[in-house]
Trainee: 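Quick one: this structure, given as structure tokens, is what I'll be asking you about.
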Amino acid sequence: MGELSLIHIQIASIVLFSIGIYGVLSRRNAVLILLAIELMLNAVNLNLIGVSAFLDQSRFLGHILIIFIITIAAAEVALALAIVLKLYKEKRNTDVDKLDVLKW
Amino acid sequence: MENITNNLTYLIPEIIIIALGFIIIGIGIFTRIRNKFILPFASITGLIFTAIYITFFFDIGNIHILSTTDHNQMKDLFIYGGLLKLDSFSLLFKFIFIILGIFVILMSIDYVDKHVNHEGEFYGLIILSIAGMMIMSAANELLTAYIGLELLSFSLYILVSLGNDPEKTNESSIKYILLGGFTSALVLYGISQIYTELVKNDIVNPTFFSSIGIYATQYETFPPLFMFGLFLLITGLGFKIAAAPFHTWAPDIYEGAPLPIAGYLATASKLAGIALILRIFSEIFEGSHSSLVIIVAILAILTMSIGNITAIAQTKYRRLIAYSGISHMGYILVGLATNTVDSYTAIILHSIGYAFSGLVIFGVLICFYNQTNKENINDLSGLYKTNSFLAVSITIALLSTAGLPFFVGFISKFYLFLAAVEQDLLWLVIIALINSLISLYYYLMVIKEMYVNEPDDVLAISTNNIEKLVLITSLIGVIGLGIYPDIIMDAINSASISVFIR
């Protein structure tokens with residue numbers, strides 16, 4: 001095992017991000033799509049913290065960015081879950097494929 | 001510490017507006033007010049107060065909204081270590097956002113009374129989203145811009161879900177929040193890539209727009225990772241202003257959202273996106289200009305053509321307006337690809353003119369929808385006979401968006417295309433002109449429906465005084481700016497100079 005370096009973190013981050021995109025595009029359940037979006041946001045956080053720790057040690061900019069991103073992501077998920085709950089109360093499922101009234 | 005309190009005085013407009021938003025939401029939740037006028041008029045009083053404060057008492061150096069075009073006399077003010085930049089650009093946009101907010105609230109009084117159960121949230125969130133847009137127009141740093149963007153988006157997610165048709169509203173609100181969350185994750189990854197590249201090159205303050213500009217000037221062609229980050233950023237901003245190929249959400253969301261909110265999305269929210277795009281791109285285009293021009297030009301062509309061609313096939317008026325709004329973002333991207341001071345002036349004028357015409361269109365449609373509950377274009381048939389005032393107003397607004405002379409849409413398109421021709425982008429202008437012609441077709445189809453065809457039922461449609469006030473004021477804006485644009489040109493010129501030359 002070699003030393004952990006920035007490139008490993010960046011690769012992990014891009015892999016996570018790609019899995020997130022794949023999840024958003026392939027999942028049919030609204031809650032799982034939200035989870036995939038969370039995965040993408042965590043990939044961003046991983047990338048930022050890696051760069052901040054390896055290249056930008058004199059400042060804390062990456063850390064600050066991450067704190068804001070975590071907060072905003074939490075707010076976003078709370079909002080999205082409320083809307084999903086509203087959908088579930090009326091339709092009894094959260095399958096996004098069944099939402100097909102609006103087209104064109 | 002002293003610095004923080006000093007800077008706070010420059011944020012008074014935002015602070016007033018955020019406080020007002022929470023007060024209105026609180027009143028709505030904790031009291032039972034049965035009068036439909038109290039909440040909107042409380043909101044409007046606060047907003048008008050803020051607008052007057054910005055115009056007359058908000059003094060930063062020499063800058064007022066109606067200031068000189070001499071750049072040497074302008075004193076840009078950076079507050080909080082440069083996170084926010086106060087110049088005539090941000091002041092002009094803040095003023096316009098407040099005006100648009102006032103008009104949207106005035107238009108939605110009757111609609112909210114009839115169709116929406118949560119009055120306090122409705123008006124309060126509109127006000128909070130204005131605060132988000134004000135932060136976006138003043139932001140000078142990626143994270144600040146992102147926070148403003150999310151403040152706007154979160155308010156809009158809730159507002160969209162307050163619609164009255166359960167089936168459509170559920171679908172549109174869930175589409176909006178999932179797609180919005182997805183793009184905001186993409187934007188954040190873009191920001192993190194840009195941050196990485198700038199940190200690698202030892203640039204101070206790696207998330208500031210100006211540092212991105214400094215980085216961009218170092219390269220003829222951008223390194224691939226930076227380009228990747230930039231692409232993701234463009235995706236997010238393009239989603240916000242509904243530029244093709246990121247436009248597909250717009251018609252669906254307009255259809256499911258409450259009608260005044262659809263109008264708000266089509267005017268104010270797009271304007272905020274344009275403000276942010278101008279701020280970011282005026283810096284990035286400093287460097288390797290040509291490679292990005294092609295991308296923006298392709299986006300412009302796609303946006304114009306897809307918007308206009310799809311609009312022809314529409315049968316519902318909300319979707320028609322959505323697609324016509326998409327095509328207008330295409331014209332604005334033509335101006336962005338041109339990238340001169342003149343084109344920036346034209347972009348700002350065009351977006352303001354488009355916003356006012358959009359207000360008139362949605363104002364008329366809200367009156368119509370309140371009394372008939374109909375959503376199709378052929379339901380508008382014979383509107384001239386049932387209510388000639390509404391028919392004439394929407395005709396003027398449609399002709400202005402189509403770009404016919406004597407209305408603001410003509411002047412702004414003329415400036416936009418002239419600026420592009422001067423930069424040897426004649427091919428782009430020709431495509432834009434062809435698209436303008438196509439757009440005339442579907443606007444005229446709507447007008448024909450109203451004047452030539454007979455009404456389905458001879459139910460007279462009435463308008464109350466508030467609606468007349470809003471419509472006439474915006475029409476004065478549309479016609480007045482078309483005949484004599486010099487009233488506002490000084491302010492716009494100084495705004496575009498302050499964002500372009502810095």
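All values below were derived from every heavy atom in this structure, side-chain atoms included, with hydrogens, water molecules and symmetry-related copies excluded. Below, read A as the first sequence line, B as the second, and so on, with proteins coming before strands; counting in each chain starts at 1.
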Trainee: Contact part of I72(A) toward chain B, heavy-atom cut-off under 4.5 Å: side chain, backbone, both or neither?
Mentor: both
Trainee: If you round to the nearest 0.5 Å, how far is NZ of K175(B) from CD1 of I83(A)?
Mentor: 14.0 Å
Trainee: Using heavy atoms and a sub-4.5 Å threshold, report which of residues 44-54 of chain A line up against chain B, by residue number.
Mentor: V44(A), N47(A), L48(A), V51(A), S52(A)
Trainee: Any residues in residues 74-81 of chain A near chain B, with a heavy-atom distance under 4.5 Å, and which are they?
Mentor: A75(A), E76(A), L79(A), A80(A)
Trainee: Can you tell which part of E150(B) gets under 4.5 Å to a heavy atom of chain A, answering side chain, backbone, both or neither?
Mentor: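 For E150(B), side-chain heavy atoms alone lie under 4.5 Å from chain A.
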Trainee: Would you mind telling me which of F154(B), Y157(B), Y176(B) has the largest number of heavy-atom pairs within less than 4.5 Å of chain A?
Mentor: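 Among F154(B), Y157(B), Y176(B), the one with the most close pairs to chain A is F154(B).
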Trainee: Distance check, rounded to the nearest 0.5 Å: Y88(A) atom OH versus I174(B) atom CD1?
Mentor: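 One gets 13.5 Å once the value is rounded to the nearest 0.5 Å.
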Trainee: I want to check something: taking the side chain as every heavy atom from C-beta on, are Y146(B) and L65(A) in contact at a cut-off of under 4.5 Å?
Mentor: no
Trainee: Where does S172(B) contact chain A at under 4.5 Å (heavy atoms): side chain, backbone, both or neither?
Mentor: both
Trainee: Check for a donor-acceptor pair, side chain of K86(A) on one end and backbone N or O of S161(B) on the other, with a separation under 3.5 Å.
Mentor: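 Checked: pair present.
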Trainee: Is any side-chain heavy atom of L41(A) closer than 4.5 Å to a side-chain heavy atom of Y189(B)?
Mentor: no
Trainee: Using 0.5 Å steps for rounding, measure from the CD1 atom of I147(B) to the CD1 atom of I69(A).
Mentor: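 Going from the CD1 atom of I147(B) to the CD1 atom of I69(A) covers 9.5 Å.
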Trainee: Could you tell me if the side chain of M40(A) sits less than 4.5 Å from the side chain of L186(B), heavy atoms only?
Mentor: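 A side-chain contact under 4.5 Å exists here.
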Trainee: Which pair of non-hydrogen atoms, one from L102(A) and one from K168(B), has the smallest distance, and what is that distance?
Mentor: CD2-CG, 3.7 Å
Trainee: Measuring heavy-atom distances to chain A, does K316(B) have an atom under 4.5 Å in its side chain, in its backbone, in both, or in neither?
Mentor: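 The answer is neither part of K316(B).
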Trainee: How would you list, by chain and number, every residue that makes a salt bridge (charged side-chain N to carboxylate O under 4.0 Å, His left out) with D165(B), sequence neighbours excluded?
Mentor: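 Testing D165(B) for salt bridge (charged side-chain N to carboxylate O under 4.0 Å, His left out), a comparison that skips the adjacent residues, returns none.
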Trainee: Taking only residues two or more places apart in sequence, or in another chain, which ones meet D379(B) in a salt bridge (charged side-chain N to carboxylate O under 4.0 Å, His left out)?
Mentor: none
Trainee: How far does CG of L198(B) sit from CG of L61(A), to the nearest 0.5 angstrom?
Mentor: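 With rounding to 0.5 Å, CG (L198(B)) is 10.5 Å from CG (L61(A)).
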Trainee: Would you indicate whether the side-chain heavy atoms of E90(A) and N170(B) approach each other to under 4.5 Å?
Mentor: yes
Trainee: Any idea which heavy atoms bring K200(B) and L55(A) closest together, and the distance?
Mentor: CG-CD1, 3.6 Å
Trainee: Let's test your reading of the structure: which of G20(A), G62(A), A43(A) forms the most heavy-atom pairs below 4.5 Å with chain B?
Mentor: G62(A)
Trainee: Please look at S13(A) and chain B and tell me whether the side chain, the backbone, both or neither of the residue comes under 4.5 angstrom of a heavy atom of that chain.
Mentor: both
Trainee: Sort K98(A) into side chain, backbone, both or neither according to what part of it lies under 4.5 angstrom from a heavy atom of chain B.
Mentor: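 Nothing of K98(A), per the 4.5 Å heavy-atom cut-off to chain B.
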Trainee: Tell me, for V101(A) versus chain B, whether the close heavy atoms (under 4.5 Å) come from the side chain, the backbone, both or neither.
Mentor: both
Trainee: Minimum heavy-atom separation for G181(B) to I37(A), with atom names?
Mentor: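 Closest heavy-atom pair between G181(B) and I37(A): O-CG2, 3.8 Å.
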Trainee: Could you check F182(B) against I33(A) for side chain to side chain contact (heavy atoms under 4.5 Å, CB included), going step by step and ending with a plain yes or no?
Mentor: CA-CA 9 Å; F182(B) 182 59; I33(A) 294 179; over 6 Å; no
Trainee: Heavy atoms, side chains only, cut-off 4.5 Å: are V96(A) and E171(B) in contact?
Mentor: no
